[in-house]
Amino acid sequence: MCLFCKIVNKEIPANIVLENENFLAFHDINPKAPVHVLVIPKLHVDSFNEVTGETMAGMTTFIQELAKELAIDTNGYRVITNVGENGGQEVKHLHYHVLGGAKLKWGHFSDADPKDYL
Ligand code: 5GP
Ligand code: ZN
């Protein structure tokens, strides 16, 4: 069973922010912003490559609700999912990073300069 499935099953503790029947949101153990929450589907999906439109529809509503709960909806926030090797995905259970609480720099998550690959 993967790490995030163990969090869903409460085998590994997590600091949970919001939960419903299908999704779970919990604080990242190594936050990259004042607010850094991970959102996962409770049913295991490897990555964005495999997720269905139906799951994404529920995920969208859940993240919108989460942003209100965290009081970051008005000032803004960032939603990121890393996919596979080049995307830098370390945990192979689909998750969205929800980052906020400060004006975020853009460079951190896009630090491969296209000029270096021409
Ligand atoms: P990825 O690099 O796969 O997009 O993101 C994985 C994220 O999971 C990282 O930001 C990392 O800090 C977080 N993470 C890894 N292990 C744990 C854990 O056991 N608990 C929590 N809450 N976050 C974790
Ligand atoms: Zn899993």
Side-chain angles (χ1 to χ4, degrees):
M1 190 186 292
C2 91
L3 177 66
F4 288 174
C5 282
K6 286 181 180 164
I7 287 178
V8 171
N9 286 341
K10 311 280 196 279
E11 287 176 34
I12 291 178
N15 190 353
I16 292 169
V17 182
L18 192 66
E19 180 170 11
N20 72 14
E21 191 189 344
N22 298 315
F23 303 102
L24 186 65
F26 52 94
H27 289 283
D28 195 294
I29 206 167
N30 181 22
K32 303 280 199 299
V35 174
H36 186 172
V37 170
L38 302 174
V39 177
I40 63 171
K42 288 186 174 176
L43 284 182
H44 182 95
V45 176
D46 284 347
S47 80
F48 184 79
N49 273 337
E50 291 80 18
V51 74
T52 65
E54 188 186 356
T55 298
M56 280 309 305
M59 184 83 92
T60 299
T61 310
F62 185 78
I63 291 173
Q64 289 164 347
E65 191 186 334
L66 174 71
K68 286 203 182 85
E69 179 74 26
L70 293 166
I72 58 172
D73 55 321
T74 305
N75 287 338
Y77 56 99
R78 185 172 293 159
V79 181
I80 292 173
T81 186
N82 295 324
V83 185
E85 182 68 25
N86 276 2
Q89 182 182 2
E90 285 176 5
V91 179
K92 309 297 190 250
H93 181 132
L94 173 67
H95 52 281
Y96 283 82
H97 298 258
V98 177
L99 299 139
K103 177 87 177 166
L104 303 172
K105 292 180 184 157
W106 175 237
H108 179 75
F109 286 104
S110 60
D111 50 8
D113 188 333
K115 290 197 290 297
D116 296 339
Y117 299 88
L118 291 173

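In each ligand, atom 1 is the first atom listed, and ligand 1 is the first ligand listed. What you see below is based on every heavy atom in this structure, not just the backbone, and it leaves out hydrogens, waters and symmetry mates.
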Side-chain heavy atoms nearer than 4.5 Å, only ILVMFWY residues, links allowed to pass through others: does that put [X] and [Y] together?
X: Y77; Y: V37; result: yes
X: I80; Y: I72; result: no
X: L99; Y: I63; result: no
X: L38; Y: V79; result: no

Heavy-atom gap [X] to ligand 1 smaller than 4.0 Å:
X: G88; result: yes
X: K92; result: no
X: K32; result: no
X: I12; result: no
X: F4; result: yes

Which pair of heavy atoms, one from L66 and one from A25, lies closest together, and at what distance? CD1-CB, 3.7 Å
What closest approach, in Å, do L18 and F62 show between heavy atoms, and which atom pair accounts for it? O-CZ, 3.5 Å
Please report, to 0.1 Å, the donor-acceptor pairs under 3.5 Å made by any side chain of residues 47-60, with sequence neighbours excluded.
from, atom 1, to, atom 2, distance (Å)
S47, OG, N49, N, 3.0
S47, OG, E50, OE1, 2.9
E50, OE1, S47, N, 3.0
T52, OG1, T55, N, 3.1
T52, OG1, T55, OG1, 3.1
T60, OG1, M56, O, 2.8

Does an N or O from [X], backbone or side chain, lie closer than 3.5 Å to an N or O of ligand 1?
X: L3; result: no
X: H36; result: no
X: I29; result: yes
X: Q89; result: no

For residues 81-103, pull every pair meeting salt bridge (charged side-chain N to carboxylate O under 4.0 Å, His left out), keeping only residues two or more places apart or in separate chains. none
My understanding is that we take every heavy atom of each candidate and find the minimum distance to atom 11 (C) of ligand 1. Doing that for N30, D28, I40, which one comes out nearest? D28
Only heavy atoms of L38, strictly under 4.0 Å: list the atoms of ligand 1 that pass. 8 (O), 13 (C), 23 (N)
Protein heavy-atom partner closest to [atom] - residue, atom, separation in Å:
atom: atom 22 (N) of ligand 1; answer: H27 O, 2.9 Å
atom: atom 6 (C) of ligand 1; answer: H95 NE2, 3.5 Å
atom: atom 3 (O) of ligand 1; answer: E90 N, 2.6 Å

Between K32 and H97, is a side-chain contact (heavy atoms from CB on, under 4.5 Å) present by the stated rule, with each step listed? CA-CA 10 Å; K32 303 280 199 299; H97 298 258; over 6 Å; no
Ligand 1 versus T81: contacting region, heavy-atom distance under 4.0 Å: neither
Test N20 against N22 for side-chain contact (heavy atoms from CB on, under 4.5 Å), laying out the working first. CA-CA 6 Å; N20 72 14; N22 298 315; 4.0 Å; yes
From CA spacing to verdict: side-chain contact (heavy atoms from CB on, under 4.5 Å), L24, I16: CA-CA 7 Å; L24 186 65; I16 292 169; 3.8 Å; yes
Those residues at least two apart in sequence (or on a different chain) that pass ring-ring contact (aromatic ring centres under 6.0 Å, His included) with H44 are H93
Heavy-atom count check: over 12 atoms from other residues, nucleotides or ligands less than 6.0 Å from N86 CG? no
At a cut-off of 2.8 Å, list the protein N/O/S atoms near the Zn ion (ligand 2), residue plus atom name. C2 SG, C5 SG, H44 ND1, H93 ND1
